[in-house]
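A, B, ... follow the sequence lines: proteins, then strands. Residue 1 opens every chain.
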Protein chains: 2
Amino acid sequence: MSTETEPRWRRLEPDQRREQILDCAIRLFGERPYAEVSTTDIAREAGVARGLINHYFGSKRGLYLEVVRRMVTVPVADRSAVPDGSLAERVEFSVDWLLDVISARGKTWVAVLGTEGVGNDPEVERILAEADETAAENLVRTVGLRDAEPAGAELRAIVRAFGGMVKAAGREWITHGTLTREQVQLVLAEQLTALLGETFPHLQRL
Amino acid sequence: MSTETEPRWRRLEPDQRREQILDCAIRLFGERPYAEVSTTDIAREAGVARGLINHYFGSKRGLYLEVVRRMVTVPVADRSAVPDGSLAERVEFSVDWLLDVISARGKTWVAVLGTEGVGNDPEVERILAEADETAAENLVRTVGLRDAEPAGAELRAIVRAFGGMVKAAGREWITHGTLTREQVQLVLAEQLTALLGETFPHLQRL
DNA sequence: AGTTGCTATTGACATGGTGACAACAGCTTG
DNA sequence: CAAGCTGTTGTCACCATGTCAATAGCAACT
């Protein structure tokens with residue numbers, strides 16, 4: 001008779017366990033709406049007691065906010081590869097890079113930004129606004145316009161607005177398949193070029 | 001002793017009661033996120049028993065879907081007032097009308113489209129997609145482009161994408177105050193003009 | 001190897017929200 | 001004023017969430 005003391009559960013480092021639960025939560029929240037996902041589901045998926053979720057994230061809502069935060073974090077562009085050509089060329093490069101990012105996230109990305117619903121959640125709104133802001137800043141820098149201009153705030157505002165079109169166009173491409181990547185590329189590049197090259201100067205004269 | 005038979009509650013026509021509950025639900029769902037609003041809250045707000053909500057809408061989710069449907073319904077433009085001038089002029093008129101609509105809804109509109117969260121709700125997605133589609137069709141017709149063109153599907157797709165920019169720009173204007181109405185008007189009009197006049201022809205050659 | 005201590009993890013409990021359903025009561029019609 | 005129709009209520013069973021004391025992996029030190 002071997003004294004096999006197989007442990008019922010393994011004890012992990014807090015960071016690892018946190019990450020593991022977060023992964024499962026991301027998957028489930030991506031599949032079903034918030035109210036349809038129970039903490040029991042997440043706990044079962046992670047092979048963990050339900051109470052552990054509360055221990056690490058406080059509440060279901062806390063976990064949800066972490067998921068949102070994780071999902072909307074956009075990597076920073078590698079600016080060393082940006083060409084030195086005309087505005088149109090730099091824009092084209094930026095848009096192409098942007099579509100690469102979207103393509104890599106695929107359905108997961110859509111699950112995050114694809115659904116807009118009723119429900120004024122200030123926390124979620126704050127997180128998304130922050131993500132939009134940094135994304136806009138990145139884009140402006142990548143394209144090479146000086147951010148420190150006097151009208152920098154307005155520039156970032158219209159770039160954030162443009163971000164709305166990026167998301168919507170991405171949905172058309174990824175989920176609905178009504179536009180090809182090439183078409184999206186063309187549309188976004190031309191629109192952004194016009195926005196930065198034409199409209200923005202006009203705006204400053206208002 | 002007067003035989004005051006003050007009734008404890010009034011019996012309303014189903015449509016009226018439905019509408020009343022819906023109004024309260026719209027208000028509450030606009031203030032707090034879905035999970036933070038209980039059917040008890042809604043029932044109290046409407047001065048009604050909680051069970052009545054289930055009777056009229058089946059479930060909390062059913063009520064929520066009704067709210068979303070109601071909120072994203074956009075009125076149809078009165079095309080009799082559209083000028084006959086150039087594309088740019090018609091676009092300018094359409095955008096102005098669009099901003100009037102947004103302005104009229106104000107904060108309520110923001111409560112609907114302002115928050116994007118994680119959570120793939122197919123029903124909500126379908127409702128919003130439908131609303132976007134009819135809005136795009138309206139815009140195309142108002143601007144005066146023939147919808148029956150061979151590339152009509154692609155045209156509507158890029159107009160839907162443009163709709164994403166309209167929403168984002170509206171948020172910048174209404175909630176954040178980072179852009180004035182005049183600035184939004186200029187940006188959207190120029191972008192849409194470029195989209196329809198320049199980019200769309202390019203797209204067809206792809 | 002045995003013991004001790006730390007803490008990650010569990011399991012049970014209390015609370016509150018949701019949906020179903022039978023009973024009740026306004027209102028209308030004869 | 002009686003009777004029926006149905007809008008409305010209140011209760012019941014079930015499920016989800018958050019809290020907390022108890023448990024048990026695991027490492028360090030005899």
By nearest-heavy-atom nucleotide on DNA chain C, the more 5' of Arg10(A) and Arg61(B) is Arg10(A)
Round to a whole Å and report the spacing from CD of Glu6(B) to C1' of dC27(C).
15 Å
Charged N to carboxylate O under 4.0 angstrom, Asp15(A) versus Arg18(A)?
no
Separation of Lys60(B) atom NZ from dC15(D) atom C1', in whole Å?
14 Å
Could you tell me whether the phosphate oxygens of dA16(D), OP1 or OP2, come under 4.0 Å of any side-chain nitrogen or oxygen in Thr39(A)?
no
Under 4.0 Å from OP1 or OP2 of dG7(D): is there any side-chain N or O of Tyr56(B) that close?
no
Leu52(B) side chain, from C-beta outward: closest of dG18(D), dG19(C), dT9(D):
dT9(D)
What's the OH-P distance between Tyr64(B) and dT18(C), to the nearest Å?
14 Å
Over how many whole Å does the gap from Ile42(B) atom CD1 to dG17(C) atom P extend?
12 Å
Can you work out whether Ser59(B) or Arg8(B) has the more 5'-proximal nearest nucleotide on DNA chain C?
Ser59(B)
Separation of dG7(D) atom P from Ile21(B) atom CD1, nearest Å, is 12 Å
Estimate the overall bend of the helix from dA1(C)-dT30(D) to dG30(C)-dC1(D) from the end axes over five pairs each, rounded to 10 degrees.
10°
Taking atom P of dT18(C) as reference, at what distance in whole Å does atom CD of Glu36(B) sit?
11 Å
Rounded to the nearest Å, what distance is computed from the CG atom of residue Leu63(B) to the P atom of nucleotide dG17(C)?
16 Å
Are any side-chain N or O atoms of Glu190(B) and backbone N or O atoms of Val187(B), one a donor and one an acceptor, separated by less than 3.5 Å?
no
Taking dT8(D), dC26(D), dT17(D) as options, the one with an atom nearest any side-chain atom of Pro7(A) is dC26(D)
Spacing of Tyr34(B) atom OH relative to dT18(C) atom C1', expressed in whole Å
10 Å
Is Arg61(B) paired with Glu66(B) through a side-chain N to carboxylate O contact shorter than 4.0 Å?
no
Is any NZ, NE, NH1 or NH2 atom of the basic residue among Asp132(B) and Lys167(B) found under 4.0 Å from an Asp or Glu carboxylate oxygen of the other?
yes
Answer yes or no: is there a side-chain heavy-atom contact under 4.5 Å between Val48(B) and Trp9(B)?
no
What pair of heavy atoms forms the shortest contact from Tyr34(A) to Ala35(B), and how long is it?
CE2-CB, 3.5 Å
I want to check something: taking the side chain as every heavy atom from C-beta on, are Gln185(A) and Thr180(A) in contact at a cut-off of under 4.5 Å?
no
Nearest heavy-atom neighbours spanning Val37(B) and Leu28(B)
CG2-O, 3.7 Å
Between dG26(C), dT18(C), dG18(D), which one does the side chain of Trp9(B) approach most closely?
dG26(C)
Electrostatic pair Asp121(B)-Arg32(A), nearest N-O below 4.0 angstrom
no
So, under a plain 3.5 Å distance rule, would you say the side chain of Arg50(B) forms a donor-acceptor pair with the base of dG17(C)?
no
When Ile174(B), Leu186(B), Asp96(B) are each screened for side chain to side chain contact (heavy atoms under 4.5 Å, CB included) with Arg181(B), the one that passes is Asp96(B)
For residues 11-19 of chain B, which residues have at least one heavy atom under 4.0 Å from DNA chain D?
Arg11(B), Leu12(B), Pro14(B), Arg17(B)
